[in-house]
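Data first, discussion second: the structure below is written as structure tokens.
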There are 2 protein chains.
Amino acid sequence: MFVRTGILAKYKTEGSGRRQIVALRFPGEGILPRDGNASYGIQGIVRSEVMVGSASDFNALVEKNPTLQSFFWRLIQRNEAIGYEWLVNCGRRDSVARVAHLLCETAVRSGVDIESEMMLNPFTQQQIADITGQTSVNVNRVFADLERQGLIERAGREIAFRDWRELRRIASFQPAYLE
Amino acid sequence: MFVRTGILAKYKTEGSGRRQIVALRFPGEGILPRDGNASYGIQGIVRSEVMVGSASDFNALVEKNPTLQSFFWRLIQRNEAIGYEWLVNCGRRDSVARVAHLLCETAVRSGVDIESEMMLNPFTQQQIADITGQTSVNVNRVFADLERQGLIERAGREIAFRDWRELRRIASFQPAYLE
DNA sequence: CGTAGGGTTGATAGAGCTCAAGACTTGTGG
DNA sequence: CCACAAGTCTTGAGCTCTATCAACCCTACG
């Protein structure tokens, strides 16, 4: 699956019904075919356009095209790096840093111009909670906190970065892992 | 890098010096080459024998050997699935479930015979904390808890599974993701 | 105009962190 | 063989962060 527009989420549901989003796919990214069943579900974060192809076509294409192969190879490594970063996020950062980190990553991955300071946050607070391993109630409080600290300003889903440097700092966001 | 014996850990260190182990490699598994710098460190959990090769050799080998290619393809997908499971673990399970899940996964991945009920836990409690995103103090209390509940019995690092089924349940461990 | 989903806020409880101290294990050098 | 050091495990006390529960508001939409 190749994301043309919008955002896709891979998620898993725990026994007790709690949901965890384990990966996101922004435009230009994709979900590669798997042997066997996937252990996760796929859902659109926003209305999205997605190209879907068959695994056999994909494999044939890649096998005879070394350029494509190394392209996907790099794509896989990027996703791996993002996954590791998310693990650090969930395991070792407090709730403010987790949300801030997600905002930073989202801004960079969706190609928003930081200088313009504006971004349309595509997530509901519940989805942010599902990504960062918290509750939506707490995500709400964290947003209020970030705003009170003067790091962001909100108008509906629209977010203005008022102090990108400081936001990066509290998130300990080092964009190198996104290449 | 190919792990012959022992266990390797990939880890990242957060700004405040807190460590998160983001992946493990058991015997028969490996760490594939990357373009550019890796954003993680590698450390042995126990004394390990590791075969190290160069990326160019690896790439050449894989490129002309489709069987190898699909082998590594599956390996990557397995690691991806494990990573997702770890995210669920850190994000959505309480501390008892996290430790229990790690024990289950370790038992299966290291090929221990569950029926024999015995496993040499290879980790220090600090390492378990670094994997599950907790403190070593709490890991210690969780172990005491699991023992009090009669799910495991400990003698040093040696662990006996006294009720594998129940342990799996509280960990919500579904081994399918390990293939 | 009613409804559902999302956002906001307060009160409360509890899980897990921090700090601190002591016991035990293992390896090293004299 | 002993003394010592470093690392690991264990336990208690207190506190903080975040979950939970519950109510209410706002907005979009049919």
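Protein chains get the first letters and strands the later ones, always in sequence-line order, with residue 1 at the start of each.
- Atoms CZ (B:F123) and P (D:dC9) sit 12 Å apart, rounded to a whole Å.
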Query - salt bridge (Lys or Arg N to Asp or Glu O under 4.0 Å) assessment of B:E147 paired with B:R162 - result: CA-CA 9 Å; B:E147 197 162 28; B:R162 285 282 171 253; over 6 Å; no
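- Neither OP1 nor OP2 of C:dG6 sits under 4.0 Å from any side-chain N or O of A:Q127.
- The local environment of CZ in B:R4 is sparse, with at most 12 non-hydrogen atoms from other residues, nucleotides or ligands closer than 6.0 Å.
- The nearest whole Å value for the distance from the CD atom in B:Q126 to the P atom in D:dT10 is 14 Å.
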Atom pairs and distances, side-chain donor-acceptor, residues 171-179 of chain A, under 3.5 Å, sequence neighbours left out:
residue: A:S172; atom: OG; partner: A:R93; partner atom: NH1; Å: 2.9
residue: A:S172; atom: OG; partner: B:E14; partner atom: OE2; Å: 2.4
residue: A:Y177; atom: OH; partner: A:E105; partner atom: OE1; Å: 2.6

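- A donor and an acceptor atom, one from each side chain of B:Q126 and B:T124, are nowhere located under 3.5 Å apart.
- Computed from coordinates, the A:I45 CD1 to C:dG5 P distance equals 17 Å when rounded to whole Å.
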Between the protein and nucleotides 23-26 of chain D, which nitrogen or oxygen pairs come in under 3.5 angstrom?
none

For nucleotides 12-18 of chain C, give me every protein contact, N/O to N/O, under 3.5 Å, one pair per line with atom names.
residue: C:dG16; atom: OP1; partner: B:S95; partner atom: N; Å: 2.8
residue: C:dG16; atom: OP2; partner: B:S95; partner atom: OG; Å: 2.7
residue: C:dC17; atom: OP1; partner: B:T135; partner atom: N; Å: 3.4
residue: C:dC17; atom: OP2; partner: B:T135; partner atom: OG1; Å: 2.9
residue: C:dT18; atom: O4; partner: B:R141; partner atom: NH2; Å: 3.4

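- If you look at A:Y11 and A:Y40, their ring centroids are not closer than 6.0 Å.
- Here the shortest heavy-atom pairing between B:R19 and A:R92 reads O-NE, 2.6 Å.
- For the atom pair CD of A:E29 and CD1 of A:I31, the computed distance is 10.0 Å after rounding to the nearest 0.5 Å.
- The CD1-P distance, from B:I128 to D:dT10, rounds to 11 Å in whole Å.
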**Report entry** Verdict with supporting geometry, B:F58 and B:F72, ring pair (Phe, Tyr, Trp, His ring centres under 6.0 Å)
**Finding:** CA-CA 11 Å; B:F58 176 83; B:F72 284 117; 4.9 Å; yes
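- One can place CG of A:D145 at 14 Å from C1' of C:dT8, the figure rounded to the nearest angstrom.
- Dashed line: the shortest gap from a side-chain N or O of B:N140 to OP1 or OP2 of D:dC9 is not under 4.0 Å.
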